[in-house]
*Asks:* 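Would you mind keeping the following structure in view while I ask a few things?
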Amino acid sequence: MHPLEGKRFVVASHNEGKLREFADLLAPFGFEAKSAREYGLPEPEETGTTFEENAYIKAFAAAKATGLPAMSDDSGLVVDALDGAPGVYTANWAEKPDGSRDFGMAMQKTEDALQKAGATEPAQRTGRFVAVICLAFPDGEAEYYRGEAEGKLVWPPRGELGFGYDPVFVPDGYDKSFGEMTAEKKHGWKPGDAEALSHRARAFKKFAEARLGSA
Ligand code: ITT
């Protein structure tokens, strides 16, 4: 296992919502973690069919381009009644013909698919957010940390906080959607905390415990 020398790595993401969450999660560790955007890196094409494959594509592209270790996050919403869709295509469901993203449209598409599948009762609307963090090195070595958050899809969307599909996802054990939760509630985690709520915070907890020197 390569060491993380020099306390420097790249956060290989162009998604502002993810980058905000990683900035919060990384704050206690004293690492210099600049984003792919700050390095002016292009967005590689995500041609994989699993979260792990796409996470590797992004992390390795950034590591190769900068010569630094890079961590990426490939994530998405896996809906049981839709046989796992949108899954690795969660971002694609938001894409408009001009290349921009519209998550209102993506959430509506998901709801339309659920209605078509006859999933109208809460028990039929189960799913999970998944995040796979890949830490890759310029020589291609890589490791993976997966986090999942179980919950239910709700309609109409609730709340304006967070990003992406947060307003339609209520994690198990809560009444509020991720879109109604503060940043602290959704993804707050710091060294020593036994639990994390969101998929990203759960993946990050494993990464931090393995790699950032937190107990
Ligand atoms: P990068 O590849 O640059 O990191 P991306 O947005 O293309 O950004 P993904 O390919 O991993 O990222 O797509 C995951 C999509 O899943 C993302 O665009 C969100 O819409 C959604 N998603 C992931 N985590 C989420 C979260 O915590 N809350 C809401 N939506 C989330």
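Order of listing sets the numbers, starting from 1, for every ligand and every atom in it.
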*Asks:* Identify, for atom 8 (O) of ligand 1, the protein heavy atom at the shortest distance, and state residue, atom and that distance.
*Replies:*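 Answer, as residue, atom name and distance: Asn15 CB, 3.3 Å.
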*Asks:* Any atoms of ligand 1 less than 4.0 Å from a non-hydrogen atom of Asp73? List them with their elements.
*Replies:*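 Counting atoms of ligand 1 from 1, those under 4.0 Å from Asp73 are 4 (O), 11 (O).
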*Asks:* A cation-pi test, strictly: NZ or CZ of Lys186 under 6.0 Å from the centre of the six-membered ring of Phe178 and no more than 45 degrees from its axis. Yes or no?
*Replies:*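 Positive - Lys186 is close enough to the ring of Phe178 and near enough to its axis.
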*Asks:* Which of these, Arg101, Glu46, Met107, has its nearest heavy atom closest to atom 6 (O) of ligand 1?
*Replies:*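 Heavy atom nearest to atom 6 (O) of ligand 1 belongs to Arg101.
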*Asks:* Among protein heavy atoms, which lies nearest atom 24 (N) of ligand 1, and at what distance?
*Replies:*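 Result for atom 24 (N) of ligand 1: Arg200 NH2, 2.9 Å.
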*Asks:* For ligand 1, is there an N or O atom under 3.5 Å from any N or O atom of Thr90?
*Replies:*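 No.
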*Asks:* For atom 3 (O) of ligand 1, what is the closest protein heavy atom, and at what distance to 0.1 Å?
*Replies:*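 I find the closest protein heavy atom is His14 N, 2.7 Å.
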*Asks:* Show me which atoms of ligand 1 lie under 4.0 Å from any heavy atom of His199.
*Replies:*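 Taking each heavy atom of His199 in turn, ligand 1 has 24 (N), 25 (C), 26 (C), 27 (O) under 4.0 Å.
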*Asks:* How far is atom 23 (C) of ligand 1 from the closest protein heavy atom, and which atom is that?
*Replies:*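 Ranked first by proximity to atom 23 (C) of ligand 1 is Ser75 OG, 3.1 Å.
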*Asks:* Drop me the distance from Asp166's CG to Lys176's NZ, to the nearest 0.5 angstrom.
*Replies:*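 Result: 14.0 Å between the selected atoms.
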*Asks:* Could you go through the side-chain contact (heavy atoms from CB on, under 4.5 Å) check for Asp73 and Val132 one step at a time?
*Replies:* CA-CA 5 Å; Asp73 161 307; Val132 171; over 6 Å; no
*Asks:* Considering non-hydrogen atoms of the protein only, which is the closest contact for atom 28 (N) of ligand 1, and what is the distance?
*Replies:*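 The answer is Asp166 OD1, 2.6 Å.
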*Asks:* Out of Ser13, Ala91, Pro86, whose heavy atom sits nearest atom 13 (O) of ligand 1?
*Replies:*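 Nearest heavy atom to atom 13 (O) of ligand 1 lies in Ala91.
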*Asks:* Ring of Tyr39, cation from Lys34 - is the NZ or CZ under 6.0 Å from the centre and inside 45° of the axis?
*Replies:*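 Yes, Lys34 lies over the aromatic ring of Tyr39.
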*Asks:* Using a plain distance cutoff, I'd like to know if Asp74 has any nitrogen or oxygen under 3.5 Å from a nitrogen or oxygen of ligand 1.
*Replies:*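 Yes; the residue has a nitrogen or oxygen that sits under 3.5 Å from a nitrogen or oxygen of the ligand.
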*Asks:* For atom 12 (O) of ligand 1, grab the closest protein heavy atom and report residue, atom and distance to one decimal in Å.
*Replies:*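 So the nearest neighbour among protein heavy atoms is Lys18 NZ, 2.8 Å.
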*Asks:* If the threshold is 4.0 Å, N to carboxylate O, is there a salt bridge linking Glu143 and Arg211?
*Replies:*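 Arg211 and Glu143: salt-bridged.
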*Asks:* Could you state whether Leu212 and Phe137 fall into the same hydrophobic cluster, counting links through intermediate Ile, Leu, Val, Met, Phe, Trp or Tyr residues with side-chain heavy atoms under 4.5 angstrom apart?
*Replies:*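 The answer is yes; both residues are in one hydrophobic cluster.
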*Asks:* Does a donor on one side chain sit under 3.5 Å from an acceptor on the other, for Thr126 and Asp80?
*Replies:*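 Distance-only check passes for Thr126 and Asp80.
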*Asks:* Can you sort out which atoms of ligand 1 are near Tyr165, meaning under 4.0 Å from one of its heavy atoms?
*Replies:*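 Going through ligand 1 atom by atom, the ones under 4.0 Å from Tyr165 are 20 (O), 29 (C), 30 (N).
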*Asks:* With no hydrogens and no angle check, is any side-chain donor or acceptor of Arg158 less than 3.5 Å from a backbone partner on Glu180?
*Replies:*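 Answer holds: no.
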*Asks:* Look at atom 22 (N) of ligand 1 and say which protein heavy atom is nearest, naming residue and atom and giving the distance to 0.1 Å.
*Replies:*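 Result: Phe129 CE2, 3.9 Å.
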*Asks:* Is it the side chain, the backbone, both or neither of Phe103 that has a heavy atom closer than 4.0 Å to ligand 1?
*Replies:*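 Within the 4.0 Å criterion, Phe103 contacts ligand 1 through side-chain atoms alone.
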*Asks:* Measure from atom 26 (C) of ligand 1 to every heavy atom in Glu43, Lys186, Lys58 and give the option owning the shortest one.
*Replies:*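 Heavy atom nearest to atom 26 (C) of ligand 1 belongs to Lys186.
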*Asks:* Would you mind telling me if ligand 1 is within reach of the side chain of Phe163, the backbone, both or neither, using heavy atoms under 4.0 Å?
*Replies:*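 For Phe163, backbone and side-chain atoms both sit under 4.0 Å from ligand 1.
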*Asks:* We want to know whether Ser13 and Asn15 form a side-chain donor-acceptor pair, criterion being a heavy-atom distance below 3.5 angstrom.
*Replies:*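 Asn15 and Ser13 do not have a side-chain donor-acceptor pair below 3.5 Å.
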*Asks:* Give a yes or no on whether a salt bridge exists between Lys58 and Glu43, defined as a side-chain N under 4.0 angstrom from a carboxylate O.
*Replies:*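 Salt bridge absent between Lys58 and Glu43.
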*Asks:* Could you check whether Glu148 pairs with Arg146 (Lys NZ or Arg NE/NH1/NH2 to Asp/Glu carboxylate O, under 4.0 Å)?
*Replies:*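 Yes.
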